[in-house]
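Counting starts at 1 for both ligands and their atoms, in listed order.
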Amino acid sequence: MSALRTLDDLLAEGVSGRRVLVRADLNVPLDKQTGAIDDHNSASAPQGGTPDRVRIADDGRIRAVLPTVGALVEAGAKVVVCSHLGRPKGEPDPQFSLGPVAGRLGELLGAPVHFATDTVGDSARSTVADLADGQVALLENLRFNAGETSKDEAERGAFADQLAAFGDAYVDDAFGAVHRKHASVFDVPARLPHVAGRLVLREVEVLSKLTGDPERPYVVVLGGSKVSDKLAVIEALLPTVDRLLIGGGMCFTFLKAQGLEVGTSLLEKDMIDTCRNLLERSDGKIMLPVDVVVADAFAPDAAHDTVRVDGIPSHRLGLDVGPETVAGFSAALSQAKTIFWNGPMGVFEMPAFAAGTRGIAEAITKADAFSVVGGGDSAAAVRALGLDESSFGHISTGGGASLEYLEGKTLPGIAALEN
Ligand code: 3PG
Ligand code: MG
């Protein structure tokens, strides 16, 4: 990590009048709306884009790059920001336009952001060419070009050549995408002088504390829907952590592995044996829910009750952990000196099934511990539930990226910066 050149190194060289290409992760959740819009963080779709007005449901990732973009603006750079949004299939798709994000970024910067309606075409070329010192451009979604995510080096390289032509230097501030071997993350830094932005640097500093020598007890809370998504991180963390608390949709595959019936809850049948094996090897470190909130249907107004995990009715599905589970998990968290949390405990977007996630989040804020929230969903949950962000040690902007970092994998975007 110490090998990384940083934004401060670049600023010290002087960037006034230079074009600086910033890879950001502005992959924010959008709500499509046809009616009234929340004035605070709304932006209209760009011309030629989707007819729906869209609302940025959580602008945390936009805020997170302001320190880097702001410093470059102040230093008089011509700042060319690029990002992906969602998973379009290598061609323009208006529902994934970054237009609304350009509007919000401009509001937050307090200066207009010049939006290019393509990524490396005529609009991008003229937008970049017209930038004055201290102005900011945002290119359209990188994934509108097949070269961005291509497995073919030559195809990625050709796209990276076009992107690199927009910068005299490259800053990676897209922590949420550093685990992707994509053109803008991996191939562009090989073509330009490159540094880590403030966000990437902070994320790596914080996460390296967890993989280094965390103060103990070290308690990890994992939620979210799929065991298969979390398997690698569970394997990597089991030897390291003192306790691993498991909630969210993925807990039902573990409960099933213990021989319990889980009704119509989310279940990954092909993972049951794996979960059983993990439980056997876990030395009692894994804690599972003892009660859950079960509902008649996956719906905000579904009839629901709290039941013990050995009493889940065959026709109902679990959508949250119950209050006894929250109490037990909270007790474990209150002992912790280091906490990592990834993944909601239930369907927190529906108020009837938000208490588990809220309870765990509150227990984390109360613990006298260094706490890290990893992941798009858990970070969004913190903000959606109106919790005080400053009472967590760090809220990561990376979901997959923070998990892969904790797994000890080489992250292509970080490796590219180290070269
Ligand atoms: C994310 O939200 O996980 C990052 O922006 C990366 O997006 P991806 O998983 O579609 O590559
Ligand atoms: Mg992802």
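Partner of Asp242 under the side chain to side chain donor-acceptor pair (under 3.5 Å) criterion, out of Lys337, Lys285, Gln335, Arg216: Arg216 alone.
Annotation for ligand 1: atoms under 4.0 Å from non-hydrogen atoms of Asn27 are 1 (C), 2 (O), 4 (C), 5 (O), 7 (O). Within ligand 1, the atoms closer than 4.0 Å to a non-hydrogen atom of Arg180 are 8 (P), 9 (O), 11 (O), numbered from 1 in the order shown. Short contacts between ligand 1 and Arg87, defined as distances under 4.0 Å to a heavy atom of the residue, involve ligand atoms 8 (P), 9 (O), 10 (O). Distances below 4.0 Å separate heavy atoms of Asp25 from the following atoms of ligand 1: 4 (C), 5 (O).
In this structure, Thr149 contributes its side chain and His182 its backbone to no donor-acceptor pair below 3.5 Å. Side chain of Asp173 to main chain of Val200: a donor-acceptor pair is present (N/O by atom type, distance under 3.5 Å, no hydrogens or angles). At least one donor-acceptor pair under 3.5 Å links the side chain of Glu148 to the backbone N or O of Ser184.
In this structure, Gly176 counts as a contact residue of ligand 1, since one of its heavy atoms falls inside 4.0 Å of the ligand.
Taking only nitrogen or oxygen atoms, main chain and side chain alike, His179 does not reach within less than 3.5 Å of ligand 1.
Between Ile395 and Ala379 the shortest heavy-atom distance is CG2-CB, 3.5 Å. For Ile272 against Ala257, the heavy-atom pair with the smallest separation is O-CB, 3.5 Å.
Distances from atom 3 (O) of ligand 1 to the heavy atoms of Arg61, His182, Arg143, His84 put Arg61 nearest.
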